[in-house]
Amino acid sequence: MPHSLLLKDAEVVVTMDATRREIRGGWVHLTGGAITALGGPETQPPAATETIDLAGHALLPGLVNTHHHMFQSLTRALPGAQDAELFDWLNVLYPVWSRLTPDALRTAAATAMAELVLSGCTTAADHHYIFPNGCRLDDTIAAAREIGIRFHPTRGAMSLGRSQGGLPPDEVVEQEDAILADMERVVARFHDPAPLSMLRIGIAPCSPFSVTQELMRDGATFARARGLRLHTHLAENDKDVAFTRERFRCTPAEYAASLEWVGPDVWHAHCVKLDAAGIALFARTGTGVAHCPCSNMRLASGIAPIPAMRRAGVPVGLGVDGSASNDSGHLLAEARQAMLLARVGHGPAAMGAREALEIATLGGARVLGRDDIGALAPGLAADVVAFDLGGLDLAGAGEDPVAALVFCTPARVALSVIAGRIVVRDGRLLTLDERAQAERHRAAARALAAG
């Protein structure tokens, strides 16, 4: 008989279902890896093999992170890259990242995933695009299995080195035939397209300034022949736009369209400088956007036109981006920053707290092509998180505990259940020794910086 879990008596259950119900005194019943039932105090839940009392907690769907570079957690706040815009920041860090090893990559990914889980994230995409010294996507996948997170790793790549007019040094780019061969290997070994899948592979040439048009086209052809999703960076800052205009004689959106990098199977990171025509194109084609407000502020890239995108119907999810351009991986805090940055750019009514939560759950699910996560409803994945409303960080916010999650941003999730498995309980990560992991991570970061 499969294990069942009843989460009962929550202060509020935020369903994110079709009617956006918020159930006071609610409960959620999970069996195996899926939600069995949910309801309020007027309904009787099914029996369960385990019950957790969540009085004084807000219960909601696990948050979805749509863009990250987990290896970058090894170079947070690195001197020389603290006060730079995107291209200068990359030029400082490329040589450091060229020293990455498989062990360091696994360590970095485990730290990044643990940080995400503790902030309420249950599904994460990672854009890994640098493969020196024997590093493989397998290393991040091993970390995901250790932590217990639902994972969308993307096989990224850089092939346009400096000698060919690209930004990255030649020593950190790969040959395109080798890239495509490894994409084939990784997909054959790991990709699981089934409903409730814990692991789906995406294809992700890095950016207009680090890959050729040929690789973009070949990557799209490869992905679509196998039913995979496509991901890249686009229109991140003014220099990015200028590079595209100078090299390709078009806007970033026109560049994407010319390579058939638009459609409901594509999502682009940042899109800070996406123009009105680009927004219309993305809306018309169902092309998604991973919004990364902290990174956009950290690198002074600008304010993405997220309210205009959402009004037009563009799918928008949240991304914490790399932990060297954020320099945190707290997804609930990212939702708060999305709300605040929208208000800075577009006025106090530009984004509300519930809209920010919707982007962080349903929005992310749509961007990743998932209809089985992002909400609480029977048959959907048993990905549920709870925040304790009784701490100092939420004191005085009892009139609207749902909005308070975004406005006040509690530091740590109290409970996280992923695919029916308890991964965080009473604020403690059960799948990793946090202090031992932090020490391993510090050692790897010191070694990387020292060369």
Does any N or O in the side chain of [X] come within less than 3.5 Å of the main-chain N or O of [Y], such that one atom is a donor and the other an acceptor?
X	Y	value
Glu358	Met16	no
Trp27	Gly40	yes
His29	Ala47	yes
Gln82	Ala77	yes
Thr15	Arg20	no
Trp267	Gly317	no
Glu85	Phe87	yes
Thr154	Gly202	no
Thr31	Thr36	no
Thr49	His3	no

Has Glu399 got more than 12 heavy atoms of other residues, nucleotides or ligands less than 6.0 Å from its CD?
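It does not: Glu399 CD has 12 such atoms or fewer within range.
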
Check whether more than 12 heavy atoms from other residues, nucleotides or ligands sit under 6.0 Å from atom CZ of Arg446, and answer yes or no.
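Yes.
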
Salt-bridge contact Asp138-Arg185 (side-chain N to carboxylate O under 4.0 Å)
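Looking at Asp138 and Arg185, the cut-off is met.
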
Using side chain to side chain donor-acceptor pair (under 3.5 Å) as the criterion, point out the one residue from Arg155, Arg189, Arg226 that pairs with Glu184.
Arg226

Find the distance between [atom1] ([X]) and [atom2] ([Y]) and round it off to the nearest 0.5 Å.
X	Y	atom1	atom2	result
Leu341	Met339	CG	CE	11.5 Å
Leu331	Thr409	CG	OG1	11.0 Å
Ile201	Ile141	CD1	CD1	4.0 Å
Leu86	Trp89	CG	CH2	7.0 Å
Asn65	Met113	CG	CE	10.5 Å
Ile149	Asp126	CD1	CG	10.0 Å

Report the C-alpha distance between Arg354 and Asp400 in whole Å, list the side-chain angles of each, state the deciding distance to 0.1 Å, and finish with yes or no for salt bridge (charged side-chain N to carboxylate O under 4.0 Å, His left out).
CA-CA 11 Å; Arg354 285 170 171 80; Asp400 189 348; 2.8 Å; yes

Are side-chain N/O atoms of His69 and His67 paired as donor and acceptor at under 3.5 Å?
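A pair is found: one side chain offers a donor N or O, the other an acceptor, under 3.5 Å apart.
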
For [X] versus [Y], what's the shortest heavy-atom pair and its separation?
X	Y	result
Phe407	Arg336	O-NE, 2.9 Å
Ala235	Asp240	N-OD2, 3.3 Å
Thr232	Cys206	OG1-O, 2.9 Å
Pro410	Leu394	CG-CD1, 4.2 Å
Glu260	Arg224	O-NH1, 2.7 Å
Pro305	Val272	CD-O, 3.4 Å

Step-by-step ring-ring contact (aromatic ring centres under 6.0 Å, His included) determination, Phe131 to Phe71:
CA-CA 11 Å; Phe131 294 88; Phe71 73 94; 9.1 Å; no

For the pair Ser295 and Ser325, evaluate side-chain hydrogen bond (donor to acceptor under 3.5 Å, both in side chains) and give the outcome as yes or no after the intermediate values.
CA-CA 5 Å; Ser295 174; Ser325 64; 3.3 Å; yes

Only one of Asn326, Asp321, Asp327 clears side chain to side chain contact (heavy atoms under 4.5 Å, CB included) with Arg298; which?
Asp327

Measuring centre to centre across the rings, with the benzene-like ring taken for any Trp, is His231 within less than 6.0 Å of His152?
no

From CA spacing to verdict: side-chain hydrogen bond (donor to acceptor under 3.5 Å, both in side chains), Thr111, His441:
CA-CA 7 Å; Thr111 295; His441 191 98; 2.8 Å; yes

Applying salt bridge (charged side-chain N to carboxylate O under 4.0 Å, His left out) to Arg24 and Glu11, what does each step give before you reach the verdict?
CA-CA 6 Å; Arg24 294 287 181 149; Glu11 176 75 15; 3.3 Å; yes

